[in-house]
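The block underneath contains the structure these notes are about, expressed in structure tokens.
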Amino acid sequence: MNKKYKNIETKLIRAGEIRPGVLGAVSMPVFQSSTFEYCGEEGYDAIRYIRLNNTPNHIVLNNKLAALENAEAAMVTSSGMAAISTALLTTLGNGDHLLAQNSLYGGTFDFITKDFEHFGIEYDLIDGDKPETWKSKLKANTKAIYVESITNPLMQVCDLKAIVKFAKENNIISMIDNTFASPVNFRPPEIGFDLSLHSCTKYMNGHNDIVAGAAIGKAELIEKFSHKLGHLGGTLDPHTCYLLQRGLKTLALRMRYQNESALKIAGFLESEPKVLKVNYPGLESSPYNKRAKELFGGFGGMISFELNGPVELAEKLINALELPTYAPSLGGVETLIILPSKTSHAGLTKEEKQALGIRDSLIRLSVGIENTDDLTEDFHQAFRKL
Ligand SMILES: *Cc1c(COP(=O)(O)O)cnc(C)c1O
């Protein structure tokens with residue numbers, strides 16, 4: 001089924017869908033049924049029951065998600081964190097060791113650095129940009145390596161090809177959180193990642209109105225993942241499956257527009273005298289520009305920038321803006337803006353923030369699909385008020 005459609009725009013609409021449609025319906029109905037009549041299924045996992053993520057709404061999504069990244073299999077989950085924690089607990093157990101990138105999404109970072117010890121799992125942090133340092137952190141019990149395609153909030157793109165090579169050479173599982181890039185811009189299985197994880201709350205659904213996640217990758221791993229998910233219970237309810245399926249249909253249109261718009265806005269911000277530095281992999285000034293160009297089809301809609309001034313100046317700018325909503329999360333149609341030092345990274349100490357390069361005046365912008373000129377004009381007027 002996954003080989004059937006060549007291009008992602010077509011896959012978003014057609015892959016995995018039931019044809020002909022159910023009772024002639026063009027769009028997939030919601031099967032709001034927790035259990036299904038027994039049809040001779042063999043084995044517990046084959047029984048059609050809602051928690052096992054195998055009702056018609058799940059199956060369509062699982063097949064579509066796999067097709068989007070040209071992977072063998074996929075499984076939708078109740079949140080990005082459900083996908084991430086389940087994937088980590090699928091690949092790692094008591095006595096195992098993980099190599100993890102040092103600048104991960106807050107929830108993931110906390111799970112690894114705070115909860116792992118209760119499971120008897122060890123970890124070491126790595127600098128994703130220094131392949132020469134990874135070998136020294138490898139242990140006999142290292143089972144997996146975990147990175148993100150674009151990191152938050154500094155938009156770093158680590159040496160992803162070297163990660164895959166390192167994992168293959170050392171026979172460990174390579175895992176990547178591909179939320180920020182989305183399958184439109186980057187498909188990790190194509191360069192050899194074993195597991196690609198998503199918060200579908202972000203670009204995949206794209207409308208700031210649901211929570212969902214996904215694990216995409218090798219069939220054998222997704223099979224193990226689905227058993228673990230059945231135990232941990234992080235399954236998605238059918239109505240949210242329906243909303244995610246609907247949101248996905250416009251992913252390519254949204255993402256390409258957001259790529260284009262963010263590139264223009266990043267360029268505008270770079271030319272603004274009160275801006276000290278702009279982090280966006282699409283800018284030539286970004287140290288990750290060459291790598292991002294080689295790996296990605298676009299640079300995404302996430303930008304961060306530092307002002308030449310204290311945190312109060314950053315707050316003044318945010319308050320002077322009329323279009324962006326001051327709110328966490330990202331990847332939706334509405335442009336959102338936050339101060340990571342006061343939100344996503346508020347739990348870190350001053351020293352930890354400094355070590356990660358997150359200044360108090362750093363602003364993070366998730367570019368939505370409003371008109372690009374309207375957004376730049378809004379920034380222009382807001383800067384004039386500082
Ligand atoms: C939001 C996010 C997550 C967590 O996803 P939820 O859907 O909120 O559970 C994980 N990774 C990244 C990069 C995210 O942005």
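Here the structure is a predicted model, which means the values were calculated and not measured. Every number for a ligand or one of its atoms is a count from 1 in the order of the listing. Heavy-atom basis, side chains included; hydrogens, waters and symmetry copies ignored.
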Looking at atom 1 (C) of ligand 1, what's its closest protein heavy atom, distance included? Lys202 NZ, 1.4 Å

Check the hydrophobic clustering (I, L, V, M, F, W, Y; side-chain heavy atoms under 4.5 Å; chains of links allowed) and say if Phe193 and Leu221 are grouped together. no

Salt bridge check: are Glu272 and Arg384 linked by an N-O gap of less than 4.0 Å? yes

Would you call Lys249 and Glu17 a salt bridge, taking side-chain N to carboxylate O under 4.0 Å as the test? yes

Flag the pair Arg291 and Asp129 as a salt bridge only when some basic side-chain nitrogen lies within less than 4.0 angstrom of an acidic carboxylate oxygen. yes

Under 3.5 Å: N/O of Glu148 near N/O of ligand 1: no

Pair Asp124 + Lys137: basic N to acidic O under 4.0 Å: no

Counting heavy atoms under 4.0 Å, the part of Cys200 that contacts ligand 1 is neither

Are Ala212 and ligand 1 in contact, using a heavy-atom cut-off of under 4.0 Å? yes

Are any of the N/O atoms in Ser199 less than 3.5 Å from those in ligand 1? yes

Regarding Thr151 and Gln101, is there a side-chain donor-to-acceptor distance under 3.5 Å anywhere? no

Which ligand 1 atoms, with their elements, are less than 4.0 angstrom from a heavy-atom of Gly80? 5 (O), 6 (P), 7 (O), 9 (O)

Would you mind listing which atoms of ligand 1 come within a distance below 4.0 Å of any non-hydrogen atom of Ser79? 7 (O), 9 (O)

Note the single closest protein heavy atom to atom 7 (O) of ligand 1, along with its residue, its atom name and the distance in Å. Thr201 OG1, 2.6 Å

Where on Ile84 is there a heavy atom closer than 4.0 Å to ligand 1, on the side chain, on the backbone, on both, or on neither? side chain

Can Thr55 and Asn57 be counted as having a side-chain donor-acceptor contact under 3.5 angstrom? no

What is the closest protein heavy atom to atom 4 (C) of ligand 1, and at what distance does it sit? Tyr105 CE2, 3.4 Å

Presence of salt bridge, Glu220 and Lys224, under 4.0 angstrom: yes

Please could you name the atoms of ligand 1 that Asp177 approaches to less than 4.0 Å, counting only its heavy atoms? 10 (C), 11 (N), 12 (C), 13 (C)

Answer yes or no: does an N/O atom from Met81 fall short of 3.5 Å to an N/O atom of ligand 1? yes

